[in-house]
Amino acid sequence: MEIGISKKELQALVREAYERFKDETGGKNADYIPYLAQIDSSLFGIAVCLPDGETITVGNCDYSFGIESVSKVMTAILVLKQYGADTLLYMIGADATGMPFNSIMAILLEKNHPSTPLVNAGAISAVSMVQPIGNSEEKWKAITENIAELCGSECKLIEELYRSESVSNHNNRAIAWLLKSYNRIYDDPTLSLDLYTRQCSLGVNARQLAVCAATIANNGVNPCTGKRVFDEAHAPRVVAMLSAVGFYEHTGDWMFTSGLPAKSGVGGGIMGVLPGGFGIAAFSPPLDESGNSVKAQKALQYIMNRIGAGVYSNRRVTVTQDVAAE
Ligand code: GLU
């Protein structure tokens with residue numbers, strides 16, 4: 001069943017969600033990365049990017065925050081572009097771990113692959129696969145150019161976050177070397193870990209995340225630049241990975257309550273993809289115990305439930321011009 005919502009109605013709904021949750025105080029900034037602990041926890045923004053490239057924004061949508069784990073989606077797309085889906089599945093996997101984002105246990109249990117590029121282990125593996133192997137500078141260029149194409153504009157490194165994360169990433173160092181012992185790091189482990197840390201330290205805003213999500217929702221064509229960023233055959237694979245593990249051990253609960261394939265990051269951003277519909281993002285630093293932004297989750301859940309057209313529903317949403325709805 002097709003359901004229409006006008007741009008004006010969608011804008012009003014996004015504003016309503018913002019007003020409803022802006023004073024919520026639940027959750028706590030991530031503090032295992034010192035830079036993230038000192039970010040203003042009242043920042044809050046919601047952005048939606050439509051198939052015609054128009055973007056609806058409310059709140060702090062131009063504030064650059066740490067992209068963190070949302071970058072895992074972008075680099076998974078780069079690996080799909082460079083190697084194809086079969087190789088990604090064989091070298092990394094596309095399975096849920098049911099465990100926290102930085103779990104060592106998940107690697108020990110599934111030593112024949114790191115499960116998915118959307119948890120730390122698989123993401124470090126994915127970065128290690130980025131071509132050209134062995135060339136840190138060129139790999140970084142490939143990673144950042146791909147992110148810029150997906151987001152429609154460049155994401156700049158937050159130097160202070162990169163430094164902060166580099167001196168505190170002991171768990172990730174253990175992951176990189178454990179993966180090496182299972183032959184699941186495909187480049188130098190130190191180089192791979194450094195590039196992963198750098199990629200997580202890129203600054204992104206909610207508007208850019210909504211554009212990236214809309215590019216996935218639009219089967220690989222960025223609706224703002226009109227450029228094809230990846231082959232359309234990859235889009236359903238990306239959505240499948242988001243649906244399986246985008247919220248780590250709480251992905252099932254998230255999909256059950258929102259119907260929105262999405263990826264969270266400990267910087268407070270969430271990027272959601274409604275295939276054929278739109279890209280949506282929300283940002284607010286305080287997190288729940290699994291590392292997912294409390295306010296961003298509530299806002300996105302609210303919007304999706306009001307529209308009533310998640311991926312498991314037979315209702316397909318079309319955003320119409322306002323004249324048609326009036
Ligand atoms: N850079 C963070 C880490 O490796 C990303 C975690 C996340 O956003 O879930 O711990």
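One-based numbering, in listed order, for ligands and for the atoms of each.
- Environment of CD in Glu2: crowded, with over 12 heavy atoms of neighbouring residues, nucleotides or ligands closer than 6.0 Å.
- Residues satisfying the side-chain hydrogen bond (donor to acceptor under 3.5 Å, both in side chains) test with Tyr83, not counting sequence neighbours, are Gln131.
- More than 12 non-hydrogen atoms from other residues, nucleotides or ligands lie less than 6.0 angstrom from CE of Met1.
- For Lys28 and Asp288, the salt-bridge test fails: no basic side-chain N is under 4.0 Å from an acidic carboxylate O.
- The contact shell of ligand 1, taken as protein residues with any non-hydrogen atom closer than 4.0 angstrom, comprises Tyr32, Glu68, Ser69, Phe101, Asn120, Glu165, Asn172, Tyr196, Cys200, Tyr248, Gly265, Val266.
- Contacts classified as ring-ring contact (aromatic ring centres under 6.0 Å, His included) and involving residues 252-294 (residues at least two apart or in different chains) are given here: Tyr63-Phe283, Phe65-Phe283, Phe247-Trp254.
- Residue pairs meeting the salt bridge (charged side-chain N to carboxylate O under 4.0 Å, His left out) criterion with at least one member in residues 150-178, sequence neighbours excluded, do not occur.
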